[in-house]
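Working notes for the structure below.
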Amino acid sequence: EPNLLCGFAPPEVYERASEAVATVGQCSVLASYHGGALEEKYGVPFIREHFPYGIEGFESWYLQISDIVGKREEALAYIESQKQKYLPSIESAREQLKGKTAFIALGPGMAFELLKVLRDLGVNVVHTTAYHFDPILDGGTPDNSPIAVYSKTHDDLDISVGDAQSHEFYQLIKQYKPDFLISHAHGANVWAARQGVISVEYAAGHHCLYGYGGVAELGHKIVAELKNQNLIKHVKDRYRSPFTEKFEKGAAFAFLNASA
């Protein structure tokens, strides 16, 4: 029985929190304080390493919970049913996204989760921007930080941190020239649009990314966005840069490097 600790939840929901068999979160950053406190003070295991996004993340997350409650066999059977249900749809999306490149610009709690989902879809993520990063508070320990978890199975991670600066992000988009951007707030999608790059808005309240079904949903949403670029084309054609010629020819982080 889930006990949802969310905004505007009544006091009795929090009163029952210490009775849980485990704590899981939708975002490692938002869940870390509460989950860590429940683990430290009441012994409630906090599942940190993976959240239920993408194939790898979902299976790891689901099996950890099943082991805690003694239902691993049931969990394995459910995972197999999800594979049979959604893999054909995922393969269809993969085929249509073959050769596409992506740029991710999100907070660290979701940036690396979305990176895993895009890998499942066969998309080449050319760069990932995390707007902040704390290797301890965002994951509990450095070994459980979003970057550390991802790098356990991948070593081709090209990232930058703290790029909510418009001029830096503008240069990064120019440098990598992705087919699409995945972002939420922070204005990243605006600067991408001015350069003709479509944005796929990520918002946990609007799109389900859980498990195999979430991979299929995101994949086909991206396919649909890539087929409808008329607005972005007109934005790019009418955009006039506010920057100097010297800046336009420079590289991302040029000012930071110069000050160093």
Side-chain angles (χ1 to χ4, degrees), residues 27-30 96-97 99-119 121 123-135 138 146-147 150 156-207 209 218-219 221-260:
C27 169
S28 59
V29 176
L30 299 179
Q96 296 177 78
L97 293 172
K100 299 299 183 183
T101 59
F103 191 116
I104 299 174
L106 290 165
M110 288 311 307
F112 301 99
E113 300 294 339
L114 264 293
L115 196 152
K116 290 184 291 187
V117 180
L118 292 177
R119 297 290 193 200
L121 291 166
V123 173
N124 178 26
V125 180
V126 292
H127 191 83
T128 300
T129 280
Y131 293 131
H132 59 91
F133 178 65
D134 186 321
D138 288 352
I147 293 178
Y150 182 82
D156 56 346
L157 192 60
D158 189 8
I159 68 168
S160 54
V161 177
D163 300 327
Q165 299 290 336
S166 293
H167 64 282
E168 291 176 354
F169 188 79
Y170 177 81
Q171 294 287 31
L172 285 169
I173 289 291
K174 284 184 63 177
Q175 176 181 339
Y176 289 97
K177 298 179 175 63
D179 290 307
F180 65 92
L181 164 80
I182 289 190
S183 183
H184 177 59
H186 301 287
N189 53 352
V190 174
W191 287 106
R194 290 166 177 168
Q195 299 180 66
V197 177
I198 71 163
S199 296
V200 178
E201 179 78 0
Y202 163 74
H206 300 161
H207 309 295
L209 293 176
L218 181 64
K221 176 178 174 59
I222 295 170
V223 169
E225 295 286 355
L226 288 170
K227 290 179 178 179
N228 184 20
Q229 301 192 42
N230 191 51
L231 173 62
I232 297 300
K233 178 181 181 299
H234 286 295
V235 171
K236 179 183 179 181
D237 290 345
R238 288 161 176 75
Y239 170 67
R240 298 294 179 268
S241 171
F243 302 113
T244 65
E245 182 179 353
K246 179 180 179 181
F247 176 83
E248 288 285 354
K249 293 180 178 179
F253 312 116
F255 291 108
L256 178 63
N257 293 335
S259 63

Checklist entry - K100 pairs by side chain to side chain contact (heavy atoms under 4.5 Å, CB included) with which of I222, L121, N124, D179? => result D179
Checklist outcome for this item: In terms of heavy-atom contacts, P178 and T101 come closest through CA-OG1, 3.4 Å
Item to check | Whether K174 side chain and E248 backbone form a donor-acceptor pair below 3.5 Å | outcome: yes
Checklist entry - After noting the C-alpha distance and the side-chain angles of L218 and L114, does the key distance pass the side-chain contact (heavy atoms from CB on, under 4.5 Å) rule? => result CA-CA 10 Å; L218 181 64; L114 264 293; 3.8 Å; yes
Checklist entry - How far apart are the C-alpha atoms of L97 and L118, what are their side-chain angles, what is the distance that settles it, and do they pass the side-chain contact (heavy atoms from CB on, under 4.5 Å) test? => result CA-CA 10 Å; L97 293 172; L118 292 177; over 6 Å; no
Next on the checklist: Would the distance check show the side chain of Q171 and the main-chain N or O of F247 forming a donor-acceptor pair, the cut-off being under 3.5 Å?
Outcome noted: yes
Next on the checklist: Run the ring-ring contact (aromatic ring centres under 6.0 Å, His included) test on W191 and F243 for me, step by step, so that the C-alpha distance in whole Å, both residues' side-chain angles and the decisive distance to 0.1 Å come before the verdict.
Outcome noted: CA-CA 13 Å; W191 287 106; F243 302 113; 5.7 Å; yes
Checklist entry - Below 4.5 Å, heavy atoms only, C-beta onward: do L181 and F169 meet side chain to side chain? => result yes
Item to check | Distance-minimising heavy-atom pair for A193 and I232 | outcome: CB-CD1, 3.8 Å
Item to check | Shortest non-hydrogen contact from L172 toward S160 | outcome: CD1-OG, 3.9 Å
Next on the checklist: Under a 3.5 Å distance rule, please check whether S183 uses its side chain to pair with a backbone N or O of N189 as donor and acceptor.
Outcome noted: no
Checklist entry - For the atom pair CZ (F103) and CD1 (I182), what is the distance rounded to the nearest 0.5 Å? => result 12.0 Å
Checklist entry - In Å and rounded to the nearest 0.5 Å, what is the CD1 to OG1 distance from I159 to T128? => result 7.5 Å
Checklist outcome for this item: One should read off an interatomic distance between K236 NZ and R194 CZ, to the nearest 0.5 angstrom, of 14.5 Å
Item to check | Spatial distance of atom NZ (K249) from atom OG1 (T244) [nearest 0.5 Å] | outcome: 10.0 Å
Checklist entry - To the nearest 0.5 Å, what is the distance between CG (L115) and NE2 (H127)? => result 11.0 Å
Checklist entry - Are the side chain of Q229 and the backbone N or O of L226 linked by a donor-acceptor pair below 3.5 Å? => result yes
